[in-house]
Amino acid sequence: MSGVFRLGPRAAGILSVQPAAGADLALPLPAGSRLGSVVATLVTSAVAGDRYVSFRVLGSTGAVLWRADSSLAVAASSTQVYVAYAGAYGYWVAVGSNQQGPLPLIALPKGAQLVTVTAGIQAGDQWSITAAAVEAA
């Protein structure tokens, strides 16, 4: 389920995006906007193996416009919260049980989407976006 709300004259937010279990995130983004911040959660199943996450912005043709890969493993039976925002470090860093990382400072074209690519994702793993705030470019 998703919804859009206004934060101010230049801002809008997209909330509560949750794919089926075992699937990566795919969040459509408004054309001409910029990502301000994203909070996403990955809950992993008990199936053994580490998961490695990459956040990407794709264009309408699927071309990668931006990506940030986390080299920090997510173990089985755990919950990992990702907090990304414009102006963050150029790489993912662990902050307690969270990971903080960057977002691109680019105007998003029509048809752009924010996606995750999770190496080692299992059928019982669950992604959700708690909040994704965008602003007019």
Side-chain angles (χ1 to χ4, degrees):
M1 177 172 200
S2 67
V4 176
F5 66 95
R6 292 274 170 216
L7 299 173
R10 293 175 36 99
I14 302 171
L15 295 177
S16 301
V17 176
Q18 186 167 347
D24 275 302
L25 290 172
L27 175 65
L29 299 168
S33 64
R34 279 193 289 242
L35 280 167
S37 62
V38 174
V39 178
T41 303
L42 174 61
V43 178
T44 59
S45 67
V47 176
D50 290 339
R51 285 70 157 173
Y52 293 90
V53 175
S54 175
F55 283 84
R56 300 175 187 187
V57 173
L58 304 180
S60 62
T61 64
V64 177
L65 305 177
W66 170 88
R67 77 187 269 176
D69 302 327
S70 175
S71 62
L72 305 171
V74 181
S77 298
S78 65
T79 299
Q80 185 69 65
V81 177
Y82 293 86
V83 179
Y85 51 95
Y89 297 109
Y91 51 89
W92 289 96
V93 295
V95 180
S97 62
N98 298 338
Q99 293 188 38
Q100 291 185 2
L103 284 177
L105 296 172
I106 59 173
L108 300 165
K110 182 178 179 181
Q113 60 180 332
L114 175 68
V115 302
T116 55
V117 177
T118 308
I121 196 166
Q122 301 295 322
D125 294 352
Q126 183 66 63
W127 271 107
S128 65
I129 286 187
T130 306
V134 294
E135 65 178 28

inquiry  = Whether the Gln122 and Ser45 side chains hold a donor-acceptor pair (N or O, under 3.5 Å, no angle test) is what I'd like checked.
reply    = no
So CG of Leu108 and CG of Leu35: to nearest 0.5 Å the spacing works out to 5.5 Å
Separation between CH2 (Trp92) and CD (Gln100), nearest 0.5 Å, reads 9.0 Å
Correct closest heavy-atom pair for Ala94 and Leu72 would be N-CD1, 3.7 Å
TODO: Flag yes if Val95 and Val39 sit in one hydrophobic cluster, no otherwise; membership is Ile, Leu, Val, Met, Phe, Trp, Tyr, and two members link when side-chain heavy atoms are under 4.5 Å apart.
DONE: no
From the list Val115, Val53, Ile129, side chain to side chain contact (heavy atoms under 4.5 Å, CB included) with Leu25 holds only for Ile129
Does the side chain of Pro19 come within less than 4.5 Å of Gln126's, by heavy atoms? yes
Leu27 with Trp66, same ILVMFWY side-chain cluster at under 4.5 Å: yes
Correct closest heavy-atom pair for Leu105 and Arg34 would be C-CD, 4.2 Å
Here the pair of heavy atoms bringing Lys110 nearest to Ala31 is CA-CB, 3.5 Å
For Ser37, the side-chain contact (heavy atoms from CB on, under 4.5 Å) test, sequence neighbours excluded, returns Tyr85, Ala133
In short, Pro30 meets Val134 closest at the heavy-atom pair CG-CG2, 4.0 Å
Evaluate the criterion side-chain contact (heavy atoms from CB on, under 4.5 Å) for residue pair Ile106 and Leu65; output intermediate values, then yes/no. CA-CA 9 Å; Ile106 59 173; Leu65 305 177; 4.3 Å; yes
What one should report as the nearest heavy-atom pair of Gly120 and Asp125 is O-OD2, 4.3 Å
Quick note, side chain to side chain donor-acceptor pair (under 3.5 Å) partners involving residues 72-83, not counting sequence neighbours, are Thr44-Ser78
Tightest non-hydrogen contact, residues Ala88 and Gly101, listed as CB-O, 3.2 Å
Check your understanding: Do any N or O atoms from the side chain of Thr116 and from the backbone of Thr118 form a donor-acceptor pair under 3.5 angstrom?
Key -> no
Is the closest side-chain heavy-atom distance between Asp69 and Tyr52 below 4.5 Å? no
